[in-house]
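Worksheet: one structure, shown below.
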Amino acid sequence: MKITRITAFSRLSQSCKVAALCLLVTLLWGQSDIRAEPYLAIQEGYKCSKCHVNMTGGGKRTDFANIYVQTRLSANFMDWREYLPQAEEDEDTEENPMKSDSNSSFFSGRLNDYIAIGGDFRASYENVHTPNEGDDDGFSRDKYNIYLEVDLIPERVIFYQTVQGGDADETLGLLKGELGGEPYYFKFGKFFLPYGLRLQDDTAFIRAVTGFTYGATDEGIEFGYEPGPWAMHIATTNGTGGSGDTNLSKQVTASVAYVDKRFRVGASYNRNKTPEDVEVIIYGINGGAQFGRLGVLLEADIIDVEDPTGDDLEQYVSILEFNLLISRGHNLKFSYEYHDPDEDIYDNANERYSIVYEPFLYQFVQVRVGARDNEGIPQDPSLNTSSYFAELHLFF
Amino acid sequence: MKPKKKNTTVLTGCTLLLGVLSLLPLSGSGQDESVEEIVETLRIEVDRLTSRAELERGRKIYLRACAPCHGIQGDGKGPAAHGFDPAPRNFRRGAYKFRTTVSGALPLDSDIERTVREGVPGTEMPRWKDVLSETDIGAVVQYIKTFYPYFDDPDSLPLDEDIIEIPEERPFEPSPSSIAAGRKIFIDQDCVKCHGDGGKGDGPQADELIDDWDVPIRPANLSLPYYKNGKRDQDIYRVFTSALNGTPMPAFDELSEEERWQLVDYVQSLEVEQNWIYWLFKENPNQVRHPPIKPPESRE
């Protein structure tokens, strides 16, 4: 999809390129793959903070999430006590003493009362077909993250660090408390911005085009308040994607969501100004609903680039996703994405269709197999690729 | 439940006990008394070590597996508890719904262990039996009991006569006549006022119910394929007999055993046949389920 994005940009005017490039430089910093699964949040009626230490989603999972993974999410629970060599027969019990007595298969990632670790590893195979150019395929170790959570004061003061290939991606301190019995937090450091649905797929149009991917962290401060069914977050950051700040202009990102057991509606806003005085405003709505096994996700965003030279740009991007939970742990995903890279140009939209089967075979083990089809202007083969892929995801 | 083995500390204590005993001469009445005193002292010490070790084991499990919802303090206010409906149990109140003891009494250890082991369908409480060993379940239950001091008070514990015997064998099989008799009891006992005529939890008083802490509470929807406390005949029988402490659900202990089984048959008959609309649009496969109950043909 990186090819798609660059090629799409090549059709823009020079000032738009500068603005878009600044936007990407501002928002993208390094590459990481801390990923979340918003469809699960909608399926269960959870806020992001229920399962992620970083309350706006992505990254290390909470103790609750590890419980959820082992007791509800996965299709099967693999009990290591069952396949260990049988210990000597115990006269007190006819079964394997290892299973009946001493150990549990429960894994929490918690080293002690204060320190917990987490991780994500994704490896994949992908075959991409480009019209007139043929097929290309390859294996890749996509991402490998280790997370460290230090609960300096449990449930109140948390230090959080992501280590990705030796480089730090997210480093933050969390101060948590309750206001009127409802949770709030302050977040300091370098973190992902609270915008939209945190799809695990960074190549989705709503993530790649807006720039709010898992490679996009920024330095600043964030405040969040989650009273009852509401989740409100506002962050002010340098707007430089983690590099040094050289001006007084700051990036502001905000989101609000109403999270019910069966549905979720929300809105997001982001404003940033580049050193060239190009102002980028992104805003949109998002939400979803769950009807038994069937879940629906929707996000639609507008990207408004205001260039002092008068060469403005407006883009539209959206996704509609359906998730069918065939049985416990077995999800089938269909999605349709739309991207209009310039509203002033007629009939230049890109579309993408995906079908993905993504079972959680066992606790901490997910497999994803799927196919995608891109449709764009016929003159550009890179906008009309089709692909199929398989991915192994280990996480805790 | 499988017998629990003692942990290393306790085993060491036992070994020490046996070692000491083997060194003592066992002749002469005065020496016998001395040995008995030593044995008793060591037994008390071993019991204390056993209890402490089990509590520490239970604490570790609790902090990782239970505290995210039930809270470090056991007050049901863990960091993940926000938004849960029903809210996680507050262990500090000592009110346990699912018991084999009479209304108002504390539960037995085996009652709490059963809930931990099987989970509570329709809620966020998962089934732990696949994940935790029996020893760990037993240890965590001992730790949970420390949140309510009356578990340490022998006068507060259920007496033998407070324990309800749930017959494993039914005296008769379900039949149209037992279902009809059960319906009559359902109406006579005013079950319809809360559970509604069809058992869907939509009775005329359903919206007015509150629990002992003034929190609104809904009566169970008896037409669902799962109940919080299990859907075996014995599970339903247990609820009629023990009541649900802390909720408006009373005990129907004035009913005869035969009447209770008839009521069980009627409640079981209320399950609505689930069609594809239910399968697709209403069922959440992630939800905890007890093993499915295949209703006998006579109930269909």
Side-chain angles (χ1 to χ4, degrees), chain A residues 40 43-47 49-51 62-68 70-73 76-77 79 81 90 92-95 97-110 113 154-155 176 181-183 226-229 259-261 290-294 324-330 363, chain B residues 1-8 11 57 59-73 77-85 88 116 119 123-140 274 276-289:
Chain A
L40 292 175
Q43 203 171 74
E44 303 290 351
Y46 294 162
K47 296 175 185 174
S49 57
K50 189 81 82 182
C51 290
T62 58
D63 291 340
F64 171 78
N66 275 322
I67 294 169
Y68 174 74
Q70 292 171 86
T71 58
R72 280 177 73 146
L73 178 64
N76 303 289
F77 183 84
D79 186 349
R81 294 169 293 170
D90 189 306
D92 291 339
T93 172
E94 294 176 355
E95 294 186 33
M98 285 297 289
K99 178 176 173 62
S100 61
D101 179 50
S102 57
N103 292 296
S104 287
S105 288
F106 180 61
F107 177 81
S108 72
R110 189 160 277 285
D113 291 354
E155 299 181 19
K176 301 167 77 173
E182 305 288 356
E226 301 195 339
V259 183
D260 185 79
K261 187 73 183 165
Q290 188 71 27
F291 309 96
R293 294 165 190 265
L294 189 64
L324 177 64
L325 190 59
I326 301 165
S327 63
R328 178 172 156 168
H330 294 270
Q363 69 272 31
Chain B
M1 188 181 148
K2 299 179 185 95
K4 296 171 189 169
K5 281 180 70 177
K6 305 195 183 322
N7 60 30
T8 311
L11 284 174
R57 183 185 191 123
R59 188 188 78 87
K60 286 180 178 170
I61 299 292
Y62 181 87
L63 289 180
R64 286 156 179 73
C66 313
C69 298
H70 294 282
I72 294 174
Q73 309 280 344
K77 293 181 179 173
H82 288 280
F84 278 169
D85 183 18
V116 175
T123 76
E124 305 292 339
M125 174 67 185
R127 177 190 294 155
W128 284 101
K129 70 178 179 187
D130 297 330
V131 184
L132 294 180
S133 68
E134 284 297 321
T135 304
D136 282 344
I137 290 175
V140 83
Q274 312 302 340
W276 70 270
I277 294 176
Y278 179 88
W279 185 89
L280 182 60
F281 294 113
K282 294 201 170 175
E283 189 170 66
N284 180 348
N286 284 354
Q287 188 52 261
V288 175
R289 294 279 191 278

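Chain naming here is simple, since letters A, B, ... match the order of the sequence lines and numbering starts at 1 in each.
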Region of [X] in contact with chain B, defined by heavy-atom distances below 4.5 Å:
{"X": "Lys176(A)", "value": "neither"}
{"X": "Ser108(A)", "value": "side chain"}
{"X": "Gln363(A)", "value": "neither"}
{"X": "Tyr46(A)", "value": "side chain"}
{"X": "Phe77(A)", "value": "side chain"}

Ignoring hydrogens and angles, tell me if any N or O in the side chain of Gln43(A) forms a donor-acceptor pair with the backbone of Gln290(A) under 3.5 Å.
-> no
Do Lys50(A) and Tyr68(A) meet the cation-pi criteria used here (NZ or CZ under 6.0 Å from the six-membered ring centre, within 45° of the axis)?
-> no
With a cut-off of 3.5 Å and sequence neighbours excluded, list every side-chain donor-acceptor pair involving residues 61-70 of chain B.
residue	atom	partner	partner atom	Å
Tyr62(B)	OH	Gly71(B)	O	2.7
Arg64(B)	NH1	Lys60(B)	O	3.2
His70(B)	ND1	Arg89(B)	O	3.0

To the nearest 0.5 Å, atom NE2 of His330(A) lies from atom CG of Leu324(A) at 12.0 Å
When rounded to the nearest 0.5 Å, the distance separating CZ of Arg72(A) from CD of Glu44(A) is 4.5 Å
Largest heavy-atom contact set with chain B, pairs under 4.5 Å, which of Arg110(A), Lys47(A), Glu226(A), Lys261(A) = Arg110(A)
Could you check which of Leu325(A), Asp63(A), Val259(A) has the highest count of heavy-atom pairs closer than 4.5 Å to chain B?
-> Leu325(A)
What part of Trp128(B) lies closer than 4.5 angstrom to a heavy atom of chain A: side chain, backbone, both or neither?
->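 Only the side chain of Trp128(B) comes within 4.5 Å of chain A.
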Non-hydrogen side-chain atoms of Leu73(A) and Leu40(A) separated by less than 4.5 Å |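 In contact.
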